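On a predicted model such as this, the values are computed, not experimentally measured, just so you know.
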Protein chains: 2
Amino acid sequence: MAHEKQTKTKGLVAVFTGNGKGKTTAALGLAFRALGHNHPVCIIQFIKGSWKYGEMESAKKFAPLLDFHVMGRGFTWKSDDLEKDKAVALEAWEFAKRVIEENHYSMVILDELTYLPHYGMLAEEEILTVLKNKPEHLHVVITGRHASQELIDAADLVTEMIEIKHPYQSGIQAQKGFEF
Amino acid sequence: MAHEKQTKTKGLVAVFTGNGKGKTTAALGLAFRALGHNHPVCIIQFIKGSWKYGEMESAKKFAPLLDFHVMGRGFTWKSDDLEKDKAVALEAWEFAKRVIEENHYSMVILDELTYLPHYGMLAEEEILTVLKNKPEHLHVVITGRHASQELIDAADLVTEMIEIKHPYQSGIQAQKGFEF
């Protein structure tokens with residue numbers, strides 16, 4: 001865990017939502033930008049398997065400034081054990097809350113967090129309370145589809161990524177170094 | 001310039017457009033992903049000053065796999081010399097064409113390229129011809145507002161970033177390590 005001195009700016013809450021590609025990659029780009037300033041970043045991934053080999057390898061170049069935590073169990077809609085999913089998701093959330101409260105980072109990215117309230121595994125109110133009470137200078141970035149209006153209201157910056165066209169539509173396979 | 005062996009997959013054309021934040025950062029995230037596979041990446045920035053200190057510093061960590069070229073002169077709408085702007089933009093475009101044709105990279109990112117046809121500095125047809133004739137395995141990523149329908153038609157993946165909320169709306173200043 002990185003323990004650099006925090007830069008004294010107001011921390012923002014950013015949300016990347018929508019059905020299009022680029023939510024997680026945009027968050028990654030923000031991490032890249034912060035790391036260039038030697039600001040420590042923590043990425044917590046709530047859906048296992050959503051981050052792939054490419055970015056994992058790149059992330060290693062930024063150690064120890066970048067911490068990367070893979071939580072969760074994968075997409076719940078194909079799960080055969082929703083109770084277990086929920087327990088794992090809540091454990092991930094407790095971890096994220098602790099990371100935010102401990103305030104060792106300049107930026108915390110909660111990747112795919114929106115799926116938790118969307119699938120009823122976590123009350124939206126829990127997230128809003130943590131954002132409201134977050135350390136003043138910490139940037140929090142949340143990604144995932146189905147961001148609620150309450151989350152949008154609580155955020156400083158919200159971009160919706162709209163899918164205009166997707167390569168799978170034209171039958172093109174996922175590409176190493178591009179899609180993963 | 002990196003000269004690694006190219007991976008033999010079909011190269012995609014991706015476009016990140018729209019008025020929201022996250023277009024360039026999503027492209028950066030794709031670069032990050034490709035670099036993690038040791039795929040060489042070239043970023044060409046058509047609007048000077050749109051990339052900031054943070055990502056420049058991070059980019060250095062990936063040398064010599066990542067080449068970064070800053071072209072252009074800044075936003076044309078505040079220019080006092082449109083002819084000079086156009087000449088510089090066309091020079092940047094000639095450079096980009098050469099980089100694409102030479103095929104030394106796995107991914108070429110043309111950041112803010114869409115401004116050139118939008119401001120009448122470059123014919124859209126020029127871009128479409130280069131995309132049509134690009135090396136088969138090369139990924140090309142184009143960012144910027146106002147992507148034309150013809151460019152969208154030519155692309156495999158298109159995401160429109162819609163601005164739902166921007167921190168400047170609520171009077172918050174740009175943040176080091178976040179906005180730049």
Notebook entry, point to check: When rounded to the nearest 0.5 angstrom, what is the spacing between CG in B:L30 and OG1 in A:T25?
Noted result: 5.5 Å

Next item on the list: Provide the closest heavy-atom pair for B:A26 versus A:G22 in the form atom of the first, atom of the second, distance.
Entry: CB-O, 4.0 Å

Note to self: Donor-acceptor pair, distance only, cut-off 3.5 Å: does the side chain of B:K165 make one with the backbone of A:I152?
What the structure shows: yes

Next item on the list: Might you point out which heavy atoms bring A:G36 and B:S58 nearest each other, and give the distance in Å?
Entry: N-OG, 3.1 Å

Checklist line | Region of A:V141 in contact with chain B, defined by heavy-atom distances below 4.5 Å | finding: side chain

Next item on the list: Mind checking the NE2-CD spacing from A:H37 to B:E55? Nearest 0.5 Å is all I need.
Entry: 7.5 Å

Margin query: Taking atom CD as the centre, does A:E91 end up with more than 12 heavy-atom neighbours from other residues, nucleotides or ligands that are less than 6.0 angstrom away?
Written below: no

Checklist line | Residue B:Q149 excluded, over 12 heavy atoms near CD under 6.0 Å | finding: yes

Check: Are the side chain of B:T159 and the backbone of A:K21 linked by a donor-acceptor contact shorter than 3.5 Å?
Finding: yes

Next item on the list: Among B:K23, B:E160, B:M161, find the residue that satisfies the side-chain contact (heavy atoms from CB on, under 4.5 Å) test when tested with A:M161.
Entry: B:M161

Next item on the list: Answer with side chain, backbone, both or neither: which region of B:V13 has an atom nearer than 4.5 Å to a non-hydrogen atom of chain A?
Entry: neither

Notebook entry, point to check: Where on B:F32 is there a heavy atom nearer than 4.5 Å to chain A: the side chain, the backbone, both, or neither?
Noted result: both

Note to self: For A:L28 versus B:G29, what's the shortest heavy-atom pair and its separation?
What the structure shows: CD1-O, 3.9 Å

